[in-house]
Amino acid sequence: MTAREYLEKIRKTSKLILATSEELAVIKARKENLKSIEISERIKSSSEYQNCLDELIDEEQQIIAERRKIHSEWWHCREMIKQIDNSDYSDVLRYYYLLNYKKWDIVAAKMHISERRIYTLHGYALEEFRKISGLS
């Protein structure tokens, strides 16, 4: 795997982290809605209520476990990027791959440099990352 391929994989991981956050928010809202059912209604169908709550808790735990796994990969990449001495190089990689900025012009604007310069920095940054990571 090349350094670029690895970073693209991490970019997808960043998207997955955001997606799992959204999933967890939906489950939390479902749990809150379920808890807000009046007590008299819960008593009438106590086992049904408990089954629904148990299912939501199980789903939440599965998503949290999945998120921990993908987050550890993301974190490992972050630690390698932090080892790059040149802050411009590390910023380019961090904004585009870790923080998942959508386009290079957005990264360039964030760094207050031209889009042409961002491509040059990205090439140098990839080379530095390749040396640190041991990837080809």
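Values below: every heavy atom of this structure, side chains too, minus hydrogens, waters and symmetry copies.
- Shown here are the side-chain contact (heavy atoms from CB on, under 4.5 Å) partners of Asp88, two or more places apart in sequence or in another chain: Asn86, Met111, Leu121.
- Not counting sequence neighbours, Asp85 has no partner by the side-chain hydrogen bond (donor to acceptor under 3.5 Å, both in side chains) test.
- At most 12 non-hydrogen atoms from other residues, nucleotides or ligands lie less than 6.0 angstrom from OH of Tyr124.
- Looking at residues two or more places apart in sequence or on another chain, you find a side-chain contact (heavy atoms from CB on, under 4.5 Å) between Glu66 and Thr20.
- Residues that satisfy the salt bridge (Lys or Arg N to Asp or Glu O under 4.0 Å) test with Lys31, not counting sequence neighbours, are Glu60.
- Taking the salt bridge (Lys or Arg N to Asp or Glu O under 4.0 Å) definition, one finds that Lys9 meets it with Glu73, sequence neighbours left out.
- Here the side chains of Tyr101 and Ser14 are not in contact, with every heavy-atom distance at 4.5 Å or above.
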side-chain contact (heavy atoms from CB on, under 4.5 Å) between Leu98 and Leu7, worked out: CA-CA 8 Å; Leu98 294 179; Leu7 288 167; over 6 Å; no

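- Qualifying salt bridge (Lys or Arg N to Asp or Glu O under 4.0 Å) partners for Arg11, counting only residues two or more places apart in sequence or in other chains: none.
- A search for side-chain hydrogen bond (donor to acceptor under 3.5 Å, both in side chains) contacts involving Tyr96 returns nothing, not counting sequence neighbours.
- Residue pairs that meet the salt bridge (Lys or Arg N to Asp or Glu O under 4.0 Å) test with at least one member in residues 13-26, sequence neighbours left out, do not exist here.
- Residues satisfying the salt bridge (Lys or Arg N to Asp or Glu O under 4.0 Å) test with Glu79, not counting sequence neighbours, are Lys82.
- Residue pairs satisfying the salt bridge (Lys or Arg N to Asp or Glu O under 4.0 Å) criterion with at least one member in residues 125-136, sequence neighbours excluded, are listed as follows: Glu127-Arg130, Glu128-Lys131.
- The salt bridge (Lys or Arg N to Asp or Glu O under 4.0 Å) contacts involving residues 99-123 comprise nothing, where partners must be two or more places apart or lie in separate chains.
- Partners of Ile17 according to the side-chain contact (heavy atoms from CB on, under 4.5 Å) rule, which considers only residues two or more places apart in sequence or in another chain, are Thr13, Arg67, Ile70, His71, Trp74.
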